[in-house]
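FYI, the numbering just counts along the sequence from 1. Only heavy atoms go into these numbers, but all of them, side chains included; no hydrogens, no water, no symmetry mates.
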Amino acid sequence: GLHFSEDGFGIASAAMRVETSKGAALYNLCVRSDRRSQGEGSKIVREFSTWCADRGFPLFLQAGGHLETWYVSLGMHPIGTVRAYAQNS
């Protein structure tokens with residue numbers, strides 16, 4: 001489901017959690033630019049991680065390589081790469 005936080009200026013952060021019977025995935029974690037570096041994204045990852053741990057589920061996510069250090073600092077570890085494909089029209 002969609003999870004988000006709001007402040008007096010609108011939506012401050014948002015993320016999608018997709019659940020299966022064997023785990024959960026975190027998608028599209030977004031933090032408004034003026035709220036970055038204030039712990040908002042870390043809080044979301046920790047909450048999702050706790051939710052998964054309480055159920056004995058692993059947590060998966062996709063992220064750009066530039067975010068690897070940040071996700072590793074939150075207890076995640078890289079398990080592979082994803083390739084994207086497009087068709088020219």
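- One distance of note links CG of L2 with CD1 of I11; it measures 7.5 Å at 0.5 Å rounding.
- Within the model, atoms CE of M16 and CD of E19 stand 10.0 Å from one another, a figure rounded to the nearest 0.5 Å.
- Looking at S37 and V31, their side chains never come closer than 4.5 Å, going by heavy atoms from C-beta outward.
- Sorted by first and then second residue, the side chain to side chain donor-acceptor pair (under 3.5 Å) pairs with a member in residues 52-65 form an empty list; sequence neighbours excluded.
- Here the side chain of S49 pairs no donor or acceptor atom with the backbone of R46 at under 3.5 angstrom.
- By the 4.5 Å heavy-atom criterion applied to side chains, R35 and S13 are not counted as neighbours.
- Within the 4.5 Å cutoff, side-chain heavy atoms of H3 are placed close to those of F48.
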How far apart are the C-alpha atoms of L29 and Y71, what are their side-chain angles, what is the distance that settles it, and do they pass the side-chain contact (heavy atoms from CB on, under 4.5 Å) test? CA-CA 12 Å; L29 172 58; Y71 279 111; 3.5 Å; yes
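- Under the 4.5 Å side-chain contact rule for hydrophobic residues, V72 and L67 do not share a cluster.
- No side-chain heavy atom of L59 sits under 4.5 Å from any side-chain heavy atom of W51.
- In this structure D34 satisfies the salt bridge (charged side-chain N to carboxylate O under 4.0 Å, His left out) test together with R32, sequence neighbours excluded.
- For the atom pair I44 CD1 and L26 CG, the distance stands at 8.0 Å (nearest 0.5 Å).
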Could you check S42 against W70 for side-chain contact (heavy atoms from CB on, under 4.5 Å), going step by step and ending with a plain yes or no? CA-CA 9 Å; S42 298; W70 182 68; 3.5 Å; yes
